[in-house]
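All values below were derived from every heavy atom in this structure, side-chain atoms included, with hydrogens, water molecules and symmetry-related copies excluded. So you know, we letter chains A, B, ... as the sequences are listed, proteins then strands, and number each from 1.
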Amino acid sequence: MSYEDSRLYRLRHSAAHLMAQAVAELYPGAKLSIGPPIENGFYYDIEFPASIKEEELERIEQKMKELAKLKQPIVRRLAADRDEARRIILEETTNGEGAENAVYKLELLDAIPGGEEVSFYEQRATDKQGQEHVFIDLCRGPHLENTGEIQHFKLMNIAGAYWRGDVRNKMLTRLYGTAFETKEELETYLHNLEEAKKRDHRVLGRELGLFMFSPRVGPGLALWLPKGATLRNVLCDFLQAEQLKRGYQPVVTPNIASIRLYEKSGHILTYRDKMFPFMEDEEKETFVLKPMNCPFHIEIYASSLRSYRELPVRYAEFGTVYRYEQSGELAGMLRVRGFTQDDAHLFVRPDQLLDEFKGVVDLMLTVLKKLGLSEYRVRVGTRDPGETKYVGHDENWELSESAIKQACEQLGLEYELSPGDAAFYGPKLDLIIKDALGREWQMGTVQVDYNLPERFELEYIGEDSKPHRPIMIHRAPFGSLERMIGLLTEQYAGAFPLWMAPVQVAVLPIADRHNDAAEALAARLRGQGLRVEVDDRRETLGKKIRENQRQKLPYMLVLGDRDIEAGTVGVRSRTEDLGAMAVDEFVVKVTAELAG
RNA sequence: GCCGAUGUAGCUCAGUGGUAGAGCAGCUGUUUCGUAAACAGCAGGUCACCGGUUCGAAUCCGGUCAUCGGCUCCA
């Protein structure tokens with residue numbers, strides 16, 4: 001049974017109504033808008049007469065408990081027609097506060113399609129003091145039978161939310177809460193939230209020495225520490241090797257360019273507010289910090305006459321781009337202002353589009369598998385049939401939309417179609433992954449583009465010795481290194497698989513007299529291509545194990561008199577003591593693990 | 001950018017009007033140790049920043065900045 005059909009869903013929906021009832025009683029003049037159940041709870045968007053503070057949640061929660069205990073029956077009411085619905089909203093749902101108080105509900109009513117029935121949910125009861133409590137809300141439902149069933153809930157936080165999700169509208173106050181069937185489930189949920197915070201990449205990034213931010217450098221500008229930079233290099237090496245196999249060619253381009261490049265590409269028109277402020281040189285030439293790599297790669301393509309025989313051309317670059325994200329959107333490594341895309345641009349003939357797209361999807365699948373990511377969503381963004389903002393000919397769009405679908409189907413990649421999510425210049429495929437707190441982030445992306453080849457008048461000479469326009473594919477399997485490594489940190493809770501781990505092996509000499517042997521062992525393992533550190537601090541073995549364990553190192557090798565004499569090491573994995581092993585045996589074991 | 005919250009030592013946190021505290025980390029000394037924290041001592045702070053109220057501000061008020069949870073937007 002789907003979540004939407006479950007009792008839990010109805011419970012949360014009814015909890016949202018209960019919260020709205022409590023707010024209506026506590027804050028006369030509060031204007032209610034919408035209050036749906038969501039993945040882990042519910043919310044209600046409300047315009048309060050005066051801004052409210054987080055501490056007031058407790059008061060609202062208290063009121064909810066009182067109202068729940070009244071065991072108000074929840075009754076569905078059908079409005080006979082629009083006029084009656086309007087009357088109910090104006091006269092019954094606003095506690096006599098009139099039309100001004102019902103603005104959002106009236107707008108919602110107008111949005112309900114003509115043929116559809118209009119229903120209300122009503123809950124009412126009289127308390128011991130003889131006071132009557134009534135709450136009626138325009139709502140599709142369904143709900144529980146009685147407010148008495150709402151017992152295990154908690155209000156979580158306050159946030160602002162634009163009415164109907166549109167920045168041009170008024171910002172309402174959103175109250176978030178959660179509710180469960182049992183006390184245990186509620187407690188488990190809250191406990192898991194706490195646990196998830198320990199996997200937060202911002203916490204682990206510092207603890208494990210991966211990356212950091214500094215106020216002196218600036219918001220959203222990451223600093224990669226040695227271990228993080230090592231991890232980053234490992235991932236880049238992997239992808240680069242994979243791309244080499246697939247006929248990609250490396251290119252390298254600058255971080256700034258004349259504004260003329262971005263005028264030509266059209267980004268100045270569509271992207272200006274996401275770009276860092278421009279800079280001007282002494283000769284009044286304006287330069288911009290690059291927000292995208294594509295125009296540079298296009299210049300390289302356009303630098304010589306291309307034959308149809310050369311295509312597809314695939315230019316790849318780990319290109320660092322800068323985007324002036326709004327301050328409130330920054331989120332650790334998951335949302336930064338300077339990031340490196342594992343970018344590439346493919347210039348293809350129409351007859352190559354399907355195969356090339358398949359090649360890219362295959363690469364993405366290879367990457368996902370290697371990274372151990374299995375929890376992801378694939379979204380194919382196609383045109384919204386009602387929209388006219390798109391560039392390019394219809395037959396091209398049909399060609400590329402079907403190429404994307406075919407590529408996925410032939411490679412067994414499950415996807416969901418999302419009409420309207422295409423870029424204005426072409427359809428795309430996005431990879432979406434959740435972080436520790438369950439928030440979704442767009443990672444890898446493949447986009448078909450007819451716009452830029454047009455704007456830059458790109459050509460190749462066809463078999464017919466006439467010029468033809470190539471199609472571009474933009475693609476980034478990781479998306480960005482910052483976001484990907486942030487996410488991987490959370491996925492693995494810092495315990496990266498052996499091949500990724502910045503330090504794979506720590507050698508732990510027991511006493512000072514074992515330091516030389518430890519260095520020799522480390523050198524030997526490094527000779528095998530392993531990333532090895534020696535922990536020769538003057539600390540007890542127990543302490544070294546504890547701390548290296550906390551650093552989530554895959555292997556620790558304990559080295560003492562017994563081992564030096566026998567040519568062994570005491571091997572310890574992340575979880576357990578594996579006992580003494582010959583050094584060669586350990587090398588074989590680790591090598592096998594890396595190969596497998 | 002907008003709504004709400006937070007900002008005290010490298011880290012985690014205590015301190016609600018009377019001159020700043022703990023644990024861990026650091027440094028020094030002792031200990032040379034076989035599988036998750038040896039012992040002792042020392043040092044460390046413009047209480048984010050700027051302004052105001054007050055005899056007196058980490059504490060109250062205002063502003064700025066940064067961070068966190070959302071909204072919008074996105075790799």
* Give none if B/G17 has no partner; otherwise give the nucleotide forming a Watson-Crick or G-U wobble pair with it, both distances under 3.5 Å. => none
* **Closest-nucleotide 5' rank along RNA chain B - winner of A/Trp441 and A/Glu55** => A/Glu55
* Rounding to a whole Å, what distance do you find between A/Glu440:CD and B/C71:C1'? -> 16 Å
* Where the side chain of A/Glu329 is defined as all heavy atoms beyond and including C-beta, which of B/G70, B/G34, B/G1 is the nearest nucleotide? -> B/G1
* Taking atom CZ of A/Arg439 as the centre, report whether more than 12 heavy atoms of other residues, nucleotides or ligands fall under 6.0 Å from it. => yes
* Neighbour count >12 (heavy atoms, 6.0 Å) for atom CD, A/Glu565 -> no
* Asked: If you check every side-chain atom of A/Glu539, which of B/C33, B/A38, B/G70 has the closest atom?
  -> B/A38
* How do A/Ile545 and A/Thr173 order along RNA chain B: which one's closest nucleotide is nearer the 5' end? -> A/Thr173
* For the base of B/G34, is there a side-chain donor-acceptor partner from A/Asp561 under 3.5 Å away? -> no
* Asked: Aromatic ring centroids of A/Phe424 and A/Tyr390 under 6.0 Å?
  -> no
* A/Lys543 side-chain N/O to B/A25 phosphate OP1/OP2 under 4.0 Å -> yes
* To do: Taking only the side-chain nitrogens and oxygens of A/Gln442, find out if one of them lies under 4.0 Å from OP1 or OP2 of B/A75.
  => yes
* Side chains of A/Arg379 and A/Thr445: is there a donor and an acceptor less than 3.5 Å apart? -> no
* Structure fact -> Applying the 3.5 Å cut-off to both distances, the Watson-Crick or G-U partner of B/A25 turns out to be none
* Asked: Across all strands shown, which nucleotide pairs with B/A66 by Watson-Crick or G-U wobble geometry, both distances under 3.5 Å?
  -> B/U6
* **Listed nucleotide nearest any side-chain atom of A/Leu437, set B/C71, B/G34, B/G69** => B/G69
* Under 4.0 Å between a side-chain N/O of A/Thr540 and OP1 or OP2 of B/A38, yes or no? -> yes
* To do: Kindly say whether, by distance alone, the side chain of A/Tyr176 makes a donor-acceptor pair under 3.5 Å with the base of B/G4?
  => no
* So what does A/Asp563 hit on the nucleic acid, given a heavy-atom distance under 4.0 Å: a base, only sugar-phosphate, or nothing? -> base
* Asked: So what does A/Lys274 touch, heavy atoms closer than 4.0 Å: a base, only the sugar-phosphate, or nothing?
  -> sugar-phosphate
* **Length of the line joining A/Leu204:CG and B/C11:P, which is rounded to integer Å** => 16 Å
* **Mate of B/G1 where both pairing distances stay under 3.5 Å, Watson-Crick or G-U** => B/C71
* To do: May I ask you to check whether A/Phe180 and A/Tyr189 place their ring centres under 6.0 Å from each other?
  => yes
* Counting only heavy atoms not in A/Asp516, do more than 12 fall under 6.0 Å of its CG? -> no
* Structure fact -> In whole angstroms, the gap separating P of B/C71 from CD1 of A/Ile34 amounts to 12 Å
* Asked: Rounded to the Å, how far apart are A/Ile485 CD1 and B/A75 C1'?
  -> 13 Å
* For B/A75, take OP1 and OP2 only and decide whether either is under 4.0 Å from a side-chain N or O of A/Arg337. => no
* Structure fact -> Only one of A/His345, A/Gln447, A/Lys428 passes side-chain hydrogen bond (donor to acceptor under 3.5 Å, both in side chains) with A/His474, and that residue is A/His345
* Asked: Given B/G4, is OP1 or OP2 found less than 4.0 Å from the side-chain N or O atoms of A/Ser51?
  -> yes
* **Pair A/Tyr44, A/Ser33: side-chain N/O donor-acceptor within cut-off below 3.5 Å** => no
* To do: Using only side-chain N and O atoms of A/Arg206, determine if any of them is under 4.0 Å from OP1 or OP2 of B/U12.
  => yes
* So what does A/Leu172 touch, heavy atoms closer than 4.0 Å: a base, only the sugar-phosphate, or nothing? -> nothing
* Touch check for A/Pro215, heavy atoms < 4.0 angstrom, all strands: base, sugar-phosphate only, or nothing? -> nothing
* **Watson-Crick or G-U wobble partner of B/U59, both distances under 3.5 Å** => none
* Structure fact -> Here the distance between atom P of B/A37 and atom CD of A/Gln551, to the nearest Å, is 16 Å
* Asked: So, is A/Arg202 near the phosphate of B/C68, with a side-chain N or O under 4.0 Å from OP1 or OP2?
  -> yes
* **Watson-Crick or G-U counterpart of B/A38, or none if no pair lies under 3.5 Å** => B/U30
* Just how far, in rounded Å, is P of B/U72 from CZ of A/Arg323? -> 20 Å
* Asked: Below 3.5 Å, does any donor atom in the side chain of A/Arg483 face an acceptor in the base of B/C74, or the other way round?
  -> yes
* **Phosphate-side-chain proximity, A/Arg216 and B/A66, N/O vs OP1/OP2 below 4.0 Å** => no
* To do: Using both distances under 3.5 Å as the test, list the Watson-Crick or G-U wobble partner of B/U53, or none.
  => none
* Structure fact -> When rounded to whole Å, the CG to P distance for the pair A/Asp166 and B/C3 reads 17 Å
* Does A/Arg550 put a side-chain nitrogen or oxygen below 4.0 Å from OP1 or OP2 of B/A37? -> no
* To do: Would you kindly give the CG-to-P distance between A/Asn169 and B/U72, to the nearest whole Å?
  => 12 Å
